[in-house]
Amino acid sequence: MENRYVIILAAGKGTRMKSKLYKVLHPVAGKPMVEHIIDQVEKTNPSEVVTIVGHGAEAIKSHLGERSQYALQEEQLGTGHAVLQANSLLADKKGTTLVITGDTPLLTAETLKNLFDYHQGKNASATILTAHAADPTGYGRIIRDHIGIVEKIVEQKDATEQEARVQEINTGTFCFDNEALFNALSKINTNNAQGEYYLTDIIEILKKEGKAIAAYQMSDFEEAMGINDRVALALANKIMYQRLNKMHMMNGVTFVDPDTTYIDEGAVIGSDTVIEAGVHIKGKTVIGEDCFIGAHSQIIDSVIEDNVKITQSVVEESIVRKNADVGPFAHLRPKAEIGEHVHVGNFVEVKNATIAEHTKVGHLTYVGDADLGKDINVGCGVVFVNYDGKNKHRTTVGDHAFIGSSTSLIAPVDIAANSVIAAGSTITNDVSEYDLAIARARQENKAGYAKKLPYLNN
Ligand code: UD1
Ligand code: CA
């Protein structure tokens, strides 16, 4: 195969986004747009990828790392000027160069491969990836002559009324003969409505030099969508989430309402798992088979093993092992490790703690900075008091211990296996195996005293 090069345009600020974040770093289904682009581009096996950076150069480089080379465009003088910055890296090479804008995150590798093939088949100097738009507003228009041969691309702001009516648009992605590309780029100027060096102008230049220009029209306009503002961003997210949900459904995952279920790109879900409405699954989450993820749960960067039930809960950077159940209304904060068959019930918060198999933490409890063994029963309203105002301390609880309701375990403290803590205790000292610890004020009943309180009891 001949050499393939890719140039990704990502130097613009994205003024229309009205954002502090650089446009191509805005996430679509949890992943920055420009990362979607490079993911797809890599599947076409290019020998070199060059990303043009300017605004947010360092941030973009830290996202893409060594997956790309970089050329700096110090001033954003237009898309043609941007491509020209790759001159010293690519100009003398032979092969085909794909130029793609960093703001078209829905384009797939399949379309890019089709474009490469079409370009090669036509033996063209340039092939434009085009699409038919119901509403072409904002896009460059493909101008063809009376027999349908492409003549040029006209930007919206430079278009005559007649040209503006054309519905075939420039997607911003092209294949070029590499040498022809850099040759033509040296000839573009800024005589246009925006005073910019347009990449699109080189079509007319190549044409006038007698070079062959081709246009490959893709069938799905949505896939070509360029994200210039937040309205388009919201639409791109919607389309990407639908695409991902469909993929999960084809893999055997049940969705109660895919229209309101948001699963980030990169998440993995096993078959026969059921996901209810309003669920968000974010980051690098892995969910096993036969799980149930109840309505309005959020799961972020976590591992959920097989057959786990999570009901309306928030799970962050945690591990939930097989056959456990969590919620409703539980919050697993970073570094919670929930063992097999563990029950974490309603209004329970767990942070930086391990809970071994078959232990039950049923109600209204905070488990912070602790290691719990197996088969423990933690009563209602237990607080692992982990913070003295300055430092965090750990608590350990041994296997089969019983922690009565409304107990405070003041860390650091060790509760040995098979011990019992009486309800309402405030535990500050270690408890040995098989001991019963009671640490609460003794009750005193004053006989008949209630009668002396006539305002309460008469
Ligand atoms: C561009 C095309 C238009 C096409 C549309 C498709 C031109 C002149 N216009 O318009 O025909 O229909 O994309 O989405 O090419 N960039 C740089 N440096 C610059 C300017 C832009 O790197 O100096 C980058 C941006 O970061 C962005 C991409 O190029 O990723 C496209 O720029 P943008 O301003 O969005 O172009 P459009 O107006 O959408
Ligand atoms: Ca754009």
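The chain is numbered in sequence order, starting from 1. Order of listing sets the numbers, starting from 1, for every ligand and every atom in it.
- Looking from atom 31 (C) of ligand 1 to the surrounding protein, the closest heavy atom is Thr101 CG2, 3.7 Å.
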**OP:** Give the intermediate values and the outcome of salt bridge (charged side-chain N to carboxylate O under 4.0 Å, His left out) for residues Lys238 and Glu222.
**Re:** CA-CA 11 Å; Lys238 198 180 187 106; Glu222 279 189 336; over 6 Å; no
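- The closest side-chain donor-acceptor pair between Asp371 and Thr396, if any, does not fall under 3.5 angstrom.
- Asn170 is not listed as a side-chain neighbour of Thr130, based on a closest heavy-atom distance of 4.5 Å or more.
- When each atom of ligand 1 is checked for a heavy atom of Tyr198 under 4.0 Å away, the hits are 8 (C).
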Subject >> salt bridge (charged side-chain N to carboxylate O under 4.0 Å, His left out) between Glu209 and Lys211, intermediate numbers included >> reply: CA-CA 6 Å; Glu209 289 174 355; Lys211 303 250 166 62; 3.3 Å; yes
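- Some N or O of Ala11 is nearer than 3.5 Å to an N or O of ligand 1, by distance alone.
- When the options Asp158, Thr79, Thr171 are ranked by their closest heavy atom to atom 7 (C) of ligand 1, first place goes to Thr79.
- With a heavy-atom cut-off of 4.0 Å, His81 does not touch ligand 1 at all.
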**OP:** Walk me through it: do Lys93 and Glu48 pass the test salt bridge (charged side-chain N to carboxylate O under 4.0 Å, His left out)?
**Re:** CA-CA 11 Å; Lys93 306 213 164 158; Glu48 288 184 50; 2.5 Å; yes
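- Here's the thing with Gly140: one of its N/O atoms is less than 3.5 angstrom from an N/O atom of ligand 1.
- Not a single heavy atom of Ile169 sits under 4.0 Å from any atom of ligand 1.
- A salt bridge links Arg67 with Asp39: the closest approach of a Lys/Arg side-chain nitrogen to an acidic carboxylate oxygen falls below 4.0 angstrom.
- Only one option out of Val253, Asp290, Asn307 pairs with Asp272 in a side-chain contact (heavy atoms from CB on, under 4.5 Å); it is Asp290.
- Residue contacts with ligand 1: Gly172 is placed with no nitrogen or oxygen under 3.5 Å of a nitrogen or oxygen of the ligand (distance criterion only).
- A salt bridge links Glu265 with Lys31: the distance from a Lys NZ or Arg NE/NH1/NH2 to an Asp or Glu carboxylate oxygen falls below 4.0 Å.
- Under a 4.0 Å N-O distance rule, the pair Lys207/Glu151 does not qualify as a salt bridge.
- Nearest non-hydrogen protein atom to atom 5 (C) of ligand 1 is Asn170 O, 4.0 Å.
- Distance remark: protein heavy atom not present below 4.0 angstrom from atom 13 (O) of ligand 1.
- Contact between Lys23 and ligand 1 is present, with at least one heavy atom of the residue lying under 4.0 Å from the ligand.
- In terms of distance to the Ca ion (ligand 2), the nearest N, O or S atom of Asp103 is named OD2.
- For a threshold of 3.5 Å applied to N or O pairs, the pair formed by Asp103 and ligand 1 contains at least one separation below that value.
- Ring centroid separation for the pair Tyr366 and Phe384 does not come in under the 6.0 Å cut-off.
- Scanning all protein heavy atoms for the shortest distance to atom 23 (O) of ligand 1 gives Gly78 N, 2.8 Å.
- Residue Thr200 approaches ligand 1 through these ligand atoms, each under 4.0 Å from one of its heavy atoms: 7 (C), 8 (C), 11 (O), 15 (O).
- Residue contacts to the Ca ion (ligand 2): Asn228 brings an N, O or S atom closer than 3.0 Å.
- For ligand 1, the atoms lying closer than 4.0 Å to a non-hydrogen atom of Ala82 are 17 (C), 18 (N), 22 (O).
- Considering backbone and side-chain N/O of Gly12, one or more are found under 3.5 Å from N/O of ligand 1.
- The residue among Arg16, Glu75, Gln73 with a heavy atom at the shortest distance from atom 33 (P) of ligand 1 is Arg16.
- Taking 4.0 Å as the cut-off between side-chain N and carboxylate O, Glu340 and Arg321 do not count as a salt-bridged pair.
- The residues Lys284 and Asp301 are annotated as not salt-bridged, no charged nitrogen and carboxylate oxygen being separated by less than 4.0 angstrom.
- Of all the heavy atoms of Glu155, the ones lying under 4.0 Å from any atom of ligand 1 belong exclusively to the side chain.
- Within the 4.0 Å heavy-atom criterion, both parts of Leu9, backbone and side chain, lie near ligand 1.
- Near Gly102, with a cut-off below 4.0 Å to any heavy atom, the atoms of ligand 1 are 30 (O).
- For an aromatic pair to be called close, the ring centres must be under 6.0 Å apart, and Tyr216 with Phe116 fails this.
- Less than 4.0 angstrom separates atom 1 (C) of ligand 1 from none of the non-hydrogen atoms of the protein.
- Here the closest heavy-atom approach between residue Asn237 and residue Val28 is recorded as OD1-CA, 3.3 Å.
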